[in-house]
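For reference, the structure discussed in these notes is given below.
We number each residue from 1, following the sequence as shown. Just so you know, ligand 1 is whichever comes first in the structure, and atom 1 is the first atom listed for that ligand.
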Amino acid sequence: MTFQEGGSFEGGRVRKGGGRGRGPMIAGGGIGAVLVALLIAFVGNQTGVDLSALTGGDGSDSGAYGDGQQEYIDTCTAEQANTTRECRLNGTVQSLDAYWTEALPQQAGVEYALPEVVSFTGQVSTGCGAATSAVGPFYCPPDQTVYIDLGFYDDLTNRFGANDGGLAEMYVVAHEFGHHIEQLTGAMDSADRQGTGPESDSVRIELMADCLAGMWAGHAATTVDPDTGVTFLAPITEQELNDALSAASAVGDDRIQEAATGQVNPEGWTHGSSEQRQRWFTTGYEGGTLQDCDALSASSL
Ligand SMILES: [Zn+2]
């Protein structure tokens, strides 16, 4: 999916946070015990798989800069959004904002509040505690912030085996925005996110986020930038859709478990299988509504 030529995206929406290597990194176990109970990681998990082993951790260079700095991704042209990750993130966020500003009040009677968005490297302090790149992209409900580690996209391709492609990156962002929508509608609060297993609320919340990401993708080519009156994105091609589905599939619990341990243990699932993640994304993409995406109350997943 490509941004329409000639457009541009204002800067100031996505903050650059984190830094490399100052102080000890959090060990994988610590993240699992303390953090992941609080936050919904994109591919993180509460039991079983050691995600930091899968993603290889971080090289942790020295020369850090501290948190609390206020540097933002600058204004980007559409051409830049098609070629650089930072600008693609910036454009995707503004497309998501425009879509949910309309769709959320229409479908849920809830006003859309912009989430904060932080692009980080290395380590970042959040309302859910300190996190490292090992966690992958995540949403932190207490500070209503989406945290995106752009380096994760390399892992998505190289380690998880997803297709490379812009829409795969956009899917990751849209999934985390899905968690923000869940926060705004109260779905996040009504879920019991401690449990694991194929029928758990944890899995349901993740499949809902995939479905909400699909909703955005299905409308992204018709959502108009309020600043310019031009649609954000060109229609999705079949190849691009395959890239997004490939990303959804790559982060399925069964695929990750199989790669890590050679076995699949559904009782340890927190995000759903590859097949489920693709199917729920597709449900949203093919005209699904918030109600269609309500995996929390779905009788079958
Ligand atoms: Zn998630």
Salt-bridged, R15 to E71, with N to O below 4.0 Å? no

Metal site the Zn ion (ligand 1): N/O/S of H271 inside 2.8 Å: no

Presence of salt bridge, D154 and R85, under 4.0 angstrom: yes

Does the N163 side chain pair with the main chain of S246, one donor and one acceptor, at a distance under 3.5 Å? no

For the Zn ion (ligand 1), give me the closest N/O/S atom belonging to E206, just the atom name. OE1

Would you name the N/O/S atom of H175 that lies closest to the Zn ion (ligand 1)? NE2

Are more than 12 heavy atoms, taken from residues, nucleotides or ligands other than E275, located less than 6.0 Å from that residue's CD atom? yes

